[in-house]
Amino acid sequence: MTRLYADPARFSEDQLRGFAAAHPEHATLVPGGVIRTGPLRPGQVAVVVGGGSGHYPAFSGLVGGGLAAGAVVGNVFTSPSSRQAESVARAADAGGGVLYCFGNYAGDRMNFGMAQARLRDAGIDTRTVLVTDDVASAPADQSGDRRGIAGDFSVFKVAGAAAEEGLTLDAVEAAAHHANAATYSFGIAFAGCTMPGADAPLFTVPEGKMAIGLGIHGEPGVEDADMADAPTVARILVDRLLAERPATAGSRVAAILNGLGATKYEELFLLWGHVGQALAEAGLTVVRPEVGELVTSLDMAACSLTLMWLDEDLERWWCAPADAPGFRRLPLPVASAEPRALPDAVPETPVVRGDEPSRSTATTILDVLRALQHALHDAADELGRIDAVAGDGDHGRGMTKGVDAAVRAAEQAASRSAGARSLLSAAADAWADEAGGTSGVLWGVGLRALAQELGDTGATDAARAAAGARAAFEAVTTLGGAAPGDKTLVDALAPLVDTFTAGIGRGDDTVSAFALAAAEAGSAAEATAAFTPRLGRARPLAQRSVGTPDAGALSLALCARTAADVLAD
């Protein structure tokens, strides 16, 4: 967001003009901000929200049916002027009066206050409700001094819905005050935001730390704490808000897990899984939660949790439909009287009890998988670095996820006395399911083809092992379409299989033949550094990958060498 601008000094005006051009059906540009394109009903209260730029969807993105009638938009993180606030309110007024609603900041209070006085002098009844949801900004006994952060949205939503119902200005004002009194927010930042045209963020968070108690105008947190995982962050957010639970609160809450610009939706969804669980454990029922970006702070890496304690009125207004560029809510669908028929779950890989020779082979396979697990975890960062040269950098992570799942599945199969085929098939399917991606499915299909040749009865002799290796090669190349020279894992797999089967054909024992084959695979994997990729992850950036071996070939060679060491013991 801070990299694209024309004149940094006109960032607010330029982005607002583009916003209105992108959403003509919702918003019309007026001096100082935007108003609804469609007129309000005669006599409807006009809810006008506002503040500085840099917070989208707040404030302009919340102009629309069931929400705001207008938004006043100032410079980045700066209060709009009183003239701007007056202009937008006059344009939005439909004869029912104006309710200003904004976060509790000194500049906003003064400028909106001056605008309110001028509007009243002109005969337009105007009221103001300040949002004071941020529990980190003042103690509970000074709640009126707290600033407004993501709780802005819940108060705006209630006020807009109450106005849409046709309530009087007195009633809409009361509804907004009621919502604000029931709303509490708390946030955590991981990195600061950068103003348009600036070359450094407004604040930094020390390495390995997170800032507790964020603001939305580039303010640092009130304290730093050690960086924590998602379950711990969720517990910090929930516990801090539960400590503020009003004495008269019920068990139903509206919840907003808000990202502030650089904390992405997938991260927020992951975090919500833990937040929702913590709220449920506290005995709370969450009504139509919102997870996403509603009140941002340019490109700040941060998140906040907002709870609004619901009663019957607040729940109705919270759930009411809305249609704005930055937020849409449809009525809940009517539940069907007939329960939805769900498809059967994917069946588990069948496990057949093996005879003694096959179970002995299964034990060896499990030993190999456990050794691969250690080797791949040790190499994960390096494999990711190599993959990132011309790919997406996820190869090490994918391989560790795959082998971890394979080991778990193999251990479960072993506990049921599985034969070699059953144990390795379960491991193969788990590898493919958990790792995903190209490497995951190729490892899964290759190991499964090998497993089919091993069987659940009888010992695994050299002939069976060679047939399994050849079957794995055929399965991988048939599915993936790669050939030697394409700079993929096949460049290591082909010499591994060819050398191994040739050794068995000469009469070499299985262990010796596989050790030689693993060495050939390692040399072939290193040789891929000179190749230009014709297939797979590196092909789009072919020239960049020249000089770096293929990560898939290297990981396969590593696994072959590790397996050879286990077999030799």
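Both backbone and side-chain heavy atoms feed into the values below; hydrogens, waters and symmetry mates do not. Small disclaimer: the values here were computed from a predicted structure and weren't measured. Quick note: residue numbers are just sequence positions, from 1.
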Q: Among residues two or more places apart or on two chains, list those pairs meeting ring pair (Phe, Tyr, Trp, His ring centres under 6.0 Å) that have a residue in residues 110-160.
A: Y100-F112, F102-F112, F153-F327

Q: Is the CZ atom of R109 crowded by more than 12 outside heavy atoms at less than 6.0 Å?
A: yes

Q: Closer than 4.0 angstrom, basic N to acidic O: yes or no for K157 and E290?
A: no

Q: Tell me whether E13 is salt-bridged to R17, with the criterion being a basic N under 4.0 Å from an acidic carboxylate O.
A: no

Q: Answer with yes or no whether the side chains of S185 and D134 bring together a donor and an acceptor at under 3.5 Å.
A: no

Q: To the nearest 0.5 Å, tell me how far L202 CG sits from C193 SG.
A: 4.5 Å

Q: Does the pair S79 and D108 meet the rule for a side chain to side chain donor-acceptor pair (under 3.5 Å), with working shown?
A: CA-CA 5 Å; S79 168; D108 293 301; 3.3 Å; yes

Q: Supply the atom-to-atom distance C303 SG to L260 CG, rounded to the nearest 0.5 angstrom.
A: 8.0 Å

Q: Any salt bridge linking D93 with R90? Criterion: basic side-chain nitrogen under 4.0 Å from a carboxylate oxygen.
A: no

Q: Check the pair N180, T132 against side chain to side chain donor-acceptor pair (under 3.5 Å), reporting the backbone distance first and the verdict last.
A: CA-CA 7 Å; N180 182 63; T132 57; 3.0 Å; yes

Q: Of V129, V158, L167, which meets side chain to side chain contact (heavy atoms under 4.5 Å, CB included) against V172?
A: L167

Q: Flag the pair P289 / V253 as yes when at least one side-chain heavy-atom distance between them is below 4.5 Å, and no otherwise.
A: no

Q: Under the rule for salt bridge (Lys or Arg N to Asp or Glu O under 4.0 Å), what residues qualify as partners of E411, not counting sequence neighbours?
A: R370

Q: Could you tell me whether E164 and R36 make a salt bridge, using a distance below 4.0 angstrom between a side-chain N and a carboxylate O?
A: yes

Q: Could you note down all residue pairs passing ring pair (Phe, Tyr, Trp, His ring centres under 6.0 Å) where residues 212-231 supplies at least one of them, sequence neighbours left out?
A: H55-H217, F77-H217, Y105-H217

Q: Do Q373 and D404 have side-chain heavy atoms sitting under 4.5 Å apart?
A: yes

Q: So do Y184 and R245 actually touch side chain to side chain, heavy atoms under 4.5 Å?
A: no

Q: Nearest 0.5 Å please: distance from the CG atom of D133 over to the OG atom of S304.
A: 8.0 Å

Q: Could you check whether R316 pairs with D313 (Lys NZ or Arg NE/NH1/NH2 to Asp/Glu carboxylate O, under 4.0 Å)?
A: yes

